[in-house]
Protein chains: 2
Amino acid sequence: MPASTPQSDDFSDAGYRSAVVDLLGLIAYGELAAFERLAEDASLAPSLEDKMALAGMASAQVGHLDRLVDRLRELGADPVAAMAPFRPAIDNFHRHTAPANWLEGLIKAYVGDGLAADFYREVGSRLDEHTRALVDSSLDDSGHAAFVVDRVRRAIADDPRVAGRLALWGRRLMGEALSQAQRVVADREGLSVLLTGSGERPGLDLAAVGHMFGRLTENHVARMTELGLDS
Amino acid sequence: MPASTPQSDDFSDAGYRSAVVDLLGLIAYGELAAFERLAEDASLAPSLEDKMALAGMASAQVGHLDRLVDRLRELGADPVAAMAPFRPAIDNFHRHTAPANWLEGLIKAYVGDGLAADFYREVGSRLDEHTRALVDSSLDDSGHAAFVVDRVRRAIADDPRVAGRLALWGRRLMGEALSQAQRVVADREGLSVLLTGSGERPGLDLAAVGHMFGRLTENHVARMTELGLDS
């Protein structure tokens, strides 16, 4: 929707600025929580090589986080205050989807982060160019997806029976993510205005929101297929 | 000891190369273990700001680790095989010094990493320039010490009674570190040759080893003083 893409001078609009601060705070806290979770997964790694790979994935999140924190400061926002409102939803997501083992952790990293990234990109595509570029670079997975796909496919090849259980796990991740995403959008006016519009700013109508969820689901199905799992 | 500093062509000496691989493997596994421990400490952080600081410290270790792994590959060594012999000593150190709370974790990060860094620098000072520079850059703490000193001093100012318990903790860290360091040197011929010499390569005599331990202890005392703790 290029016609409604805001320009950089939109930051003089307090509502727009506050919505961007919300989005960056949400992504920043998401990265910090992902760091913690990936670091925990690293401790479950079956080999030193896997442990190093997970440590690399975890520390990539911190690199992204630093850039988001810098930008929040540039916008005159307190990064901690910007992140705080999103702790409950993100912490709940992680509490409700604690992986029982190494493979579940890998799938969660791949499917969960992929889904979050798709959602942030959908919101980001409606923002000014600078913010959009920052959001995109924060979501760069630095080739870590290939590592996960390799490990999960190998595990299924070794023992095809794990595929059923892991497919179920993927569905549970999707359900929990959608439920927390809905909570975030409902709680934060700024973010919901970005999605559904306000007086001056055209938003997505219900059909467009439906299409967005359709795209999120399609991408999720593609990721599960890539892993060799039913969705 | 500039007269005995090996030049870069020493890598044609299999014993020297293997000692360098040992040292880099030791430091690399130390960084990976430090990453895991700092990430665990991050989960104990009392505030989001502290959590971000610890996540930054943890991911700095991974940045160092990547450079060590690259260099090990350049030397034709398998990084995982180079790290493996040092897992028992380093894992034991961490098992025997699991912090009971946030402050103990901070002190361990500062005192333990400082001690390890001093020891690696002592060994590194006897090596070729390239290896020495790599060791030094791997041990750069990126200003994280200042964060720890600030937090510990504040905690003591808030409640001076914690100082006694934390001083005891510092002594325990020192004792455990020395005991594991001794084990590492005794187990790995390559490393002990670097320290104590061999036929062609002059090493440290007993007096010099004594001086080295004297310097390690002095630096430890200085760090404890900086924290506002008796040593």
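Order of the sequence lines fixes the chain letters, A, B, ..., with proteins taken first and strands second; residue numbering starts at 1 for each chain.
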Spacing of CG belonging to B:L65 relative to OG belonging to A:S59, to within rounding of 0.5 Å: 9.0 Å
B:L48 side chain near A:L32 side chain, heavy-atom distance below 4.5 Å: yes
Residue, of A:E49, A:E40, A:M52, A:Q61, that accumulates the most heavy atom pairs under 4.5 Å with chain B: A:M52
Portion of A:A55 that has a non-hydrogen atom of chain B nearer than 4.5 angstrom: both
Pick from A:V80, A:V69, A:D66 with the largest number of heavy-atom pairs that fall under 4.5 Å of chain B: A:V80
